[in-house]
Structure formats: structure tokens, C-alpha cells
2 protein chains.
Amino acid sequence: MAKCVIGNEIRKLRFLAGEMTQQQLADRTGVTRQTLAAIENGKYYPSLELAFRIAHVFGLPLTEVFSFRLDEDSK
Amino acid sequence: MAKCVIGNEIRKLRFLAGEMTQQQLADRTGVTRQTLAAIENGKYYPSLELAFRIAHVFGLPLTEVFSFRLDEDSK
DNA sequence: TCATCTTGTCAAGCATATTTTACATTTAAT
DNA sequence: ATTAAATGTAAAATATGCTTGACAAGATGA
């Protein structure tokens, strides 16, 4: 199965949203600061539910916060 | 934290896609038939990655396959 | 200097997604 | 009447998401 990569614009969107801190975003999405940091830094992917919540905070559709692309170079 | 509900159009989309079976969709998304059945029937939510893969098979953006709404009636 | 805020990160544990195996029911075809 | 395909479902095991608690480092301001 082809692997895939999911990118996110969280760091950019936080700063576009008036320097919102990780802590503030964490509070508004109902997770911990550590969870958000890990997701921002690509340690793991959020659940679908959390991804929707994050997008909702920014007032954007999920697909404008998280991007999907097939990783053709791996098998 | 307000709970939320995530709905999906998988069952509808499978049949719109020429009666695609759960098995075929499972094969094309790299998961088992049981995982797909569970997601279709709302037993649990897919991972973000799997949600993207499913949408990709149907050639639709994720947000047209999965819908998010806050569940205002729970606390 | 000292205190505070923000972020990075780690380890241990809990929660949830997914797999595997298996069995049952329904529908359609032979 | 039987076979096969599609689906529902369930238990046990593994993988991953998320929490909690903690410590460190850089930036900022008193």
C-alpha cells in the first residue's frame, strides 16, 4: 500500500490568528499543549475528530488546514 | 468540552460508484473489510489518514465524505 | 538577576483505531 | 437445495493517539 503524507498549516494559522499560543489552541480544541506541539511538529497525525476541531477554531475547512498527498517514493 | 458528531457518506458513495463493495473499497484504501464496515456503521471514526484515503478513492475532498458538527446537546 | 511565558521533548500509562480470526445472516445464482 | 458473495458482528491482540507530569531552553520584562 502506498504510504501518504499529511501536512498541516497549524503553525502558520496560529500566527495569522494574532499570535495564538499553542496553549490557547489546545484549550479551544480540548487537548493538551503537548498534543498540539506533537501534531504541529509532525510527531503523529491527529484523529479525524481533532483535525475537525482544529479547523473549526480557525474557521476553515479541514482541507485548508491539513493537506494530503500520496508518497510515491515509498512502497 | 463540547462533544461532536462526524457523519459519513460512504454507503451512499459506494453505491453511486457502481455498487462498489466494502471489500473493494477496503482493498483500495489498504484496510480490512471489517474496519470499513465499522466506520460505515459508526462504530468508531477512521484515522485522519484513512479518511483522506477513502475520500481519494471517491475523487472527492475529505469534507464531502465526512461531515462535522458540534453536538450542542451534550456537555 | 529573577520571574514568567512559550515551546520542545520524554516516559509511562490510558484510550481508541485497526487487524485477525471467526461465525452468522441475507441475497442471488446454479 | 446448495453454493457463493456481501454484509453484520464479536473477541483478543497490536498500533497509534492522547494525557499527565516533568524538565530544559530561549525570549521578554520587572
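This structure is a prediction, so every number in the text was calculated from the model and none was measured.
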Ignoring backbone atoms, test whether Arg11(A) places a side-chain nitrogen or oxygen under 4.0 Å from the OP1 or OP2 oxygen of dG8(C). yes
Side chains of Lys43(B) and Ile39(B) in contact at under 4.5 Å (non-hydrogen atoms): no
Whole angstroms only, please: what is the CG-C1' distance between Asp27(A) and dT19(D)? 14 Å
Which atoms form the tightest heavy-atom contact between Ala17(B) and Phe58(B), and what is the distance? CB-CE2, 4.2 Å
Whole angstrom is fine here: how far is it from OH in Tyr44(B) over to P in dA11(D)? 14 Å
Would you mind telling me which residue lines up with the more 5' stretch of DNA chain D, Glu40(B) or Ile39(A), judged by nearest nucleotide? Glu40(B)
note: Glu49(A), atom CD; dT19(D), atom P; distance rounded to Å ~ 11 Å
Write down the atom of Ala51(B), the atom of Leu62(B), and the distance for their closest heavy-atom approach. CB-CD1, 3.8 Å
Kindly say if Arg53(B) contacts the phosphate of dT18(C), meaning a side-chain N or O under 4.0 Å from OP1 or OP2. no
With a cut-off of less than 4.0 Å, is there a side-chain N or O of Gln22(A) near OP1 or OP2 of dC5(C)? no
Applying a 4.0 Å non-hydrogen cut-off, can you work out what Thr32(A) is touching in the nucleic acid: base, sugar-phosphate, or nothing? base
Quickly work out the Tyr45(B) OH to dC18(D) P distance and round it to whole Å. 14 Å
Under 4.0 Å between a side-chain N/O of Ser47(B) and OP1 or OP2 of dT18(C), yes or no? yes
I'd like a table of atom pairs between the protein and nucleotides 21-26 of chain D - only N or O on both sides, under 3.5 Å - with the distance next to each one.
residue : atom : partner  : partner atom : Å
dG21(D) : O6   : Gln34(A) : NE2          : 2.8
dA22(D) : N6   : Arg33(A) : NH2          : 3.3
dA22(D) : N6   : Gln34(A) : NE2          : 3.1

Separation of atom CD1 in Ile6(A) from atom C1' in dG17(D), rounded to whole Å: 13 Å
Can you give me the closest heavy-atom contact between Thr29(A) and Leu25(A), atom names plus distance? OG1-O, 2.7 Å
For Leu25(A) and dC5(C), give me the distance from atom CG to atom P, rounded to whole Å. 19 Å
Among Glu40(B), Glu19(B), Gln24(B), side chain to side chain donor-acceptor pair (under 3.5 Å) partner for Arg14(B): Glu40(B)
With heavy atoms under 4.0 Å as the rule, sort Thr35(B) into base, sugar-phosphate or nothing. base
Donor-acceptor contact below 3.5 Å, side chain Tyr44(B) vs main chain Ala38(B): no
Please find the pair of heavy atoms, one from Ile54(A) and one from Phe66(A), that lie closest to each other, and give the distance. CD1-CZ, 4.2 Å
Whole angstroms only, please: what is the CG-P distance between Asn41(A) and dT7(C)? 11 Å
Roughly, in whole Å, what's the span from CE in Met20(A) to C1' in dC5(C)? 17 Å
